[in-house]
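This report concerns only the one structure given below.
Predicted model, so just to flag it, every value in this text is computed and none were measured.
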Amino acid sequence: MFYRNHLIKFSYRCFSSESRINSFIKSKLMSAEDVAEKFPEKVTIGASGFTPAGYPKVIPGAFAQRIKNSKNPENFSINLYTGASTGDELDGVLARSGRLKLKIPYQSHKDLRKLINQGKVNFIDMHLSHVSKYIREGIFPPIDVAIVEACDVTSDGRIYLTNSSGMSGTYLPLAKDIYIELNEAHPLDMKGLHDIYLPEIHTGRPINIDYVDDRIGTPYVRVNPEKIKGIVLTNKYDSSPGFKKPDDASFKIANHLLDFILDEVEHGRIPKTLLPFQSGVGNVANAVLACIAQDNRFKSIEMYTEVIQDSIFDLIDSDKLRFASTTALTFSSEGQKRFHRDLYELKSKFILRPMEISNNPEVIRRIGLITMNTALEADIYGNVNSTHVLGSSMMNGIGGSGDFTRNAYISIFMTPSVAKDGKISSFVPMVSHVDHNEHSVQIMVSEQGLADLRAKTPKQRAELIIEKCVHPMYKDLLRDYFQHAQRVSFGQHTPHDLKQALSWHIRLQETGSMHPDHQAKKEPTSKDTEKAAQKIDQTAATKK
């Protein structure tokens, strides 16, 4: 324990408040346009950023403009590696350049998503804990250029990152050339938030993190300063729009979850001091934290997760956040301003780690996390689809949900029971794509209720999910399917009628609704209107 406390204290006394623009930075200053001219036409870029926080904001746009101004834009080809999704100034502008050929490992930008689903951009959806290994072992094309956002750079090659760690610790040492956006919107006090450490590839030696606030690395990424070819000054916040306020369904889900957690405490399966939480992004995750902040039964909370959102301030204001380990601080502009304003007090409660560490199965299993992630859809046996619409259209990607789910102490999936005003049921006979299979999913919860799937057979899981989680308008339909499947299935362990298993998805494609009594009416086209007019004219002529 002395070692742990010693490291934490040490990290706060090793920084001075020197001027940001030192002589080394001055010698490297250039414009974003000058940097863009130095990129090869066929380039693999490793960029900072994670959902969307701490990503480069001006160099990618300048490179896209160079492509647009080129007499031969078809000569350009871009492979883009990031930590996860980033902002429009990176994912968006490079997607719209028309020359983005490969993106890994995650995305959430509408323009990029559209190109992926049109087959115009190759996208490899990966567990985030696997990405570093693939790149460091040369399985992916090597990195030509690394672009990272930093709050400070030193002459001996120490790069202090901003709102995210992401994959920067991997990209920077491997890149041939490094370009830095020095973002003066972030105070120098950001130095010290990060803990940069990369696991060894082949040995599998332990990663010595036993508690969420353990530090095992350095507060910066160290590179050969000769590789730093240029520095661009910026002063821009991340363009994270934040998230909508949780709705009534989200709060109902949150309350079901908290009751379950407290019941686990009562039965001795979770200690009274609780276990650290991992929470995905979105409205439901925010509702969970908001409810914890308001619930006097919860006293002190720890988080070991990928992304921290504005909802963390609810825990801070209620004096319930003990510590949060994350890969990114994905705040709204108001949240970023508040974090900077209160940074001196908040610095003792946060640590930013590379996603290779935040998502590492060994650490997740050792710490014993309660993981909470969102399902796009789930089936009656507990298989979860979190990435694909109707089995083929990519939404965002699996991200880190698999890393956490497969190694959790308790794995929870959350979803509202219906979508699109009831036209879509989140619970179906068989998911159209599987990201998390029934063996990894322990708890399923919707606003209707919570199903504890642990120690249950497939048929018992089906009965629980239908009774506890499914919306009333779809409950009888799923009961009917389950009973029918048991009658016709050649095997009775996990009964299915393969002719009917995906019929709900087919009905949605054909009619606009999964429910047979709530099919969307076809909107009349101009041809329909013309035919109707002709028919009226013919009828009128006949009457005459």
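- No donor-acceptor pair closer than 3.5 Å links the side chain of D195 to the backbone N or O of R353.
- In this structure, D319 has no salt bridge (Lys or Arg N to Asp or Glu O under 4.0 Å) partners at least two apart in sequence or on a different chain.
- Applying the side-chain hydrogen bond (donor to acceptor under 3.5 Å, both in side chains) test to D403 and every residue at least two apart in sequence or in another chain returns S129, N359.
- Looking at residues two or more places apart in sequence or on another chain, you find no side-chain hydrogen bond (donor to acceptor under 3.5 Å, both in side chains) involving S48.
- Residue pairs satisfying the salt bridge (Lys or Arg N to Asp or Glu O under 4.0 Å) criterion with at least one member in residues 457-467, sequence neighbours excluded, are listed as follows: E438-R461, E467-R479.
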- Could you please spell out the steps behind the side chain to side chain contact (heavy atoms under 4.5 Å, CB included) verdict for I139 and H130? CA-CA 11 Å; I139 296 172; H130 293 178; over 6 Å; no
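- Under 3.5 Å, the side chains of S318 and Q294 contain no donor-acceptor pair of N or O atoms.
- For D263, there are no salt bridge (Lys or Arg N to Asp or Glu O under 4.0 Å) partners at least two apart in sequence or on another chain.
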- When you look at S239 and Y55, which way does the side chain to side chain donor-acceptor pair (under 3.5 Å) test go after all the steps? CA-CA 10 Å; S239 62; Y55 58 92; 2.6 Å; yes
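- Nearest approach of F350 to I312, heavy atoms of both residues: CZ-CG1, 4.1 Å.
- Residues that satisfy the side-chain hydrogen bond (donor to acceptor under 3.5 Å, both in side chains) test with T305, not counting sequence neighbours, are absent from this structure.
- Of all heavy-atom pairs spanning S279 and M303, the tightest one is CB-CE, 4.1 Å.
- Atom OG1 in T387 sits 9.5 Å away from atom CD in E377 (nearest 0.5 Å).
- For the salt bridge (Lys or Arg N to Asp or Glu O under 4.0 Å) condition, the pairs that include at least one residue of residues 115-140, sequence neighbours left out, are K133-E137.
- For the residue pair T82 / K103, a side-chain donor-acceptor distance below 3.5 Å is found, with atom types taken as modelled.
- Of all heavy-atom pairs between I466 and L478, the closest is CD1-O, 3.8 Å.
- Applying the salt bridge (Lys or Arg N to Asp or Glu O under 4.0 Å) criterion to D88, with sequence neighbours excluded, gives R96.
- With no hydrogens or angles considered, a side-chain donor-acceptor pair links S386 and H436 at under 3.5 Å.
- Residue pairs meeting the salt bridge (Lys or Arg N to Asp or Glu O under 4.0 Å) criterion with at least one partner in residues 364-376, sequence neighbours excluded, are D210-R366, E362-R366.
- E302 pairs with exactly one of R322, K320, K349 by the salt bridge (Lys or Arg N to Asp or Glu O under 4.0 Å) rule, that one being R322.
- Judged by distance alone, the side chain of S411 and the main-chain N or O of Q442 form a donor-acceptor pair under 3.5 Å.
- Side-chain contact check for T170 and E356: at least one donor-acceptor pair (N or O, by modelled atom type) lies under 3.5 Å.
- Between the side chains of T405 and S440, no donor-acceptor pair is found at a separation under 3.5 Å.
- A distance of 10.0 Å separates CD1 of I316 from OG of S311, quoted to the nearest 0.5 Å.
- Applying the ring-ring contact (aromatic ring centres under 6.0 Å, His included) rule to Y481 yields the partners H496; only residues at least two apart in sequence or on another chain are considered.
- Between the side chains of T44 and Y171, no donor-acceptor pair is found at a separation under 3.5 Å.
- One N or O on the side chain of H515 and one on the backbone of M473 form a donor-acceptor pair closer than 3.5 Å.
- In this view, H194 satisfies the ring-ring contact (aromatic ring centres under 6.0 Å, His included) rule with no residue, not counting sequence neighbours.
- Remark: N437 pairs with no residue by the side-chain hydrogen bond (donor to acceptor under 3.5 Å, both in side chains) rule, at least two apart or across chains.
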